[in-house]
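As structure tokens, the structure follows; a few thoughts come after it.
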There are 2 protein chains.
Amino acid sequence: MDKEISQAVVSRLPRYFRYLGELKASGVERISSQELSDIMKVTASQIRQDFNNFGGFGQQGYGYNVEYLYDEISKILGIDKKHQLIIIGTGNLGTALAGYTNFSTRGFVFKGAFDCDPALQGKMIGDVEIRPIEEIEDFIKKNNIDIAVLTIPKEQAVPMADRLIKAGIKAIWNFAHVDLDVPENVQVENVHLSDSLMKLSYNINRYERFHGGKK
Amino acid sequence: MDKEISQAVVSRLPRYFRYLGELKASGVERISSQELSDIMKVTASQIRQDFNNFGGFGQQGYGYNVEYLYDEISKILGIDKKHQLIIIGTGNLGTALAGYTNFSTRGFVFKGAFDCDPALQGKMIGDVEIRPIEEIEDFIKKNNIDIAVLTIPKEQAVPMADRLIKAGIKAIWNFAHVDLDVPENVQVENVHLSDSLMKLSYNINRYERFHGGKK
DNA sequence: TAGATTGTTAATCGATTAACAATC
DNA sequence: TAGATTGTTAATCGATTAACAATC
């Protein structure tokens, strides 16, 4: 038991969670895998397989209780607990992420912001003051920070990641366009925006190739 | 021939492109699949399979010419051509994306910005003026816009996507936390930031479960 | 020519889908 | 009890890896 869950499955969990949240909000009490399949456009079989990786959440002849399933998935995702996070690099993107109230409702608490630009230090993002980079290690330890959001240029991201790891960070949400090499006790999630945009470009290109190019 | 390429392969192309760009910049002329494998931490076999989906870019006994391969991948990704894009929703995130000079170097040209807030209309993002939503359809047609970047709240995203599709947009880069339903001639690439953060949370949680919880 | 390394076929592995017995 | 729907095993499909003949 407690076998490793494939990342393919993990990637689908937030989407289940989102749909269940919407169903719950609109007062739906129970749902079958077939109904969910119709809404989400994935097979009922996959839904049942996915949930059964974590134990039986349903009941034969009835289906799944929406609220119960929602709560269980939130536990699986670990968003029933609070996560303290800091943002490193307070450019436009860092500031945008800091402002995501959406995150705070999911238990991600924005505790600190850091920037190497002295002109920014002392300014506020919401109710958090921008601090100099030198204070990072202390801050992480004193405030029990779990997650560092890296929104700094790629040249600085690798040495910064090493610093964060030494300071005991648990996870890095990496927006810098570089692959980080971390030990297995540190989790990394990359958001490579330009990769995403290139995929979009590929798909535009592919569609035009197959369907008679530009008109 | 010209068979459909799996999205698994497409997802890897931007990463190849990035590494090849770095190799090229540091003056490397040729590289074998084995050398690239060592650097990128993927199997040499996968590298050769991936490239061969698009034709033979290498030469037996020699390997791959870095510059040639880089250029070929840029053509496959369609980033050898210019893409005109507009940003809809000029909050922090929209503004951050508008400022990505990185994109302009890859042929993505930021042509217009739109927001429903009259207080923002008329203001500038770089050298682009924020316009009222009403002008979108006209603007798309007159300026040959390919891509719309959606950085608006999820409630507005679905009707906005419909409007954009009617106006002839080719692709939507969707940052709203909702699934868009589009016809097959419109490409969508989702960036669901909160899904990404939940995956990170899952992985923190999983690691702690397997390795003795918090210390 | 001999050595290196690709392009490509075959084998393996893993993920998705289908089927159905268990059971509410 | 009969009907519905899960949990789970088996079958299929697709993606990755291994192997090696082709060839530069």
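Note that the structure is predicted; figures quoted are calculated from it, not measured.
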For B/Glu22, does the CD atom have more than 12 heavy-atom neighbours from other residues, nucleotides or ligands under 6.0 Å away? yes

Within this structure, what is the CZ-to-P distance between A/Phe51 and C/dT17, rounded to whole angstrom? 15 Å

Could you tell me how far apart B/Asn65 (CG) and C/dT5 (P) are, to the nearest whole angstrom? 15 Å

Side chain of B/Ser45: nearest nucleotide among C/dC24, C/dT9, D/dA19? D/dA19

Nucleotides 11-13 of chain C: which of its N/O atoms have a protein N/O under 3.5 Å away?
none

Quick check on ring pair (Phe, Tyr, Trp, His ring centres under 6.0 Å): which of B/Phe57, B/Tyr19, B/Phe51 does B/Tyr64 satisfy it with? B/Phe51

Give a yes or no on whether a salt bridge exists between B/Lys170 and B/Asp146, defined as a side-chain N under 4.0 angstrom from a carboxylate O. yes

Between A/Arg12 and C/dA15, is there a contact of a side-chain N or O with OP1 or OP2 at under 4.0 Å? no

B/Phe54 CZ to C/dT6 P, straight-line distance once rounded to whole Å: 18 Å

Between B/Asp38 and B/Gln34, is there a side-chain donor-acceptor contact under 3.5 Å, judged purely by atom types and distance? yes

Considering only C/dA10, D/dT6, D/dA15, which nucleotide approaches the side chain of B/Gln49 most closely? C/dA10

Grab the CG-C1' distance between A/Asn52 and D/dT5 for me, whole Å please. 12 Å

May I have the distance from A/Glu4 (atom CD) to C/dG14 (atom P), rounded to whole angstrom? 12 Å

Would you mind reading off the distance between B/Gln7 atom CD and C/dA15 atom P, rounded to a whole angstrom? 18 Å

Taking only the side-chain nitrogens and oxygens of A/Ser33, find out if one of them lies under 4.0 Å from OP1 or OP2 of D/dT5. no

Any strand counts, and the cut-off is 3.5 Å on both contacts for Watson-Crick or G-U wobble. Which nucleotide pairs with D/dT5? C/dA22

Look only at the side chain of B/Asn205 and the backbone of B/Ser201, and say whether a donor-acceptor pair between them is shorter than 3.5 Å. no

Side chain of A/Gln60 - closest among D/dT8, C/dT23, C/dT6: C/dT23

Using only atom types and a distance under 3.5 Å, with no angle test, would you say the side chain of B/Arg15 pairs donor to acceptor with the backbone of B/Met40? yes

Quick check for you: among D/dA15, C/dA19, C/dA10, whose closest atom lies nearest to any side-chain atom of A/Arg48? C/dA19

Which residue is it: B/Gln187, B/Gln7, B/Glu189? I am looking for the one with a side chain to side chain donor-acceptor pair (under 3.5 Å) to A/Asn203. B/Gln7

If we call it a pair only when both distances are under 3.5 Å in a Watson-Crick or G-U wobble match, what pairs with C/dT17? D/dA10

Distance-only side-chain donor-acceptor flag, A/Asn65 / A/Gln59, under 3.5 Å: no

Side-chain contact check for B/Gln46: nearest option of D/dT16, C/dT5, D/dT6 is D/dT16

Result for 5'-nearest mapping on DNA chain C, choosing between A/Thr43 and B/Gly58, is B/Gly58

Separation of C/dA4 atom P from B/Tyr64 atom OH, nearest Å, is 18 Å

Taking the side chain of A/Gln59 as heavy atoms from C-beta outward, which of C/dA18, D/dT6, C/dC24 is closest to it? C/dC24

When rounded to whole Å, the CD to P distance for the pair A/Glu35 and D/dA4 reads 13 Å

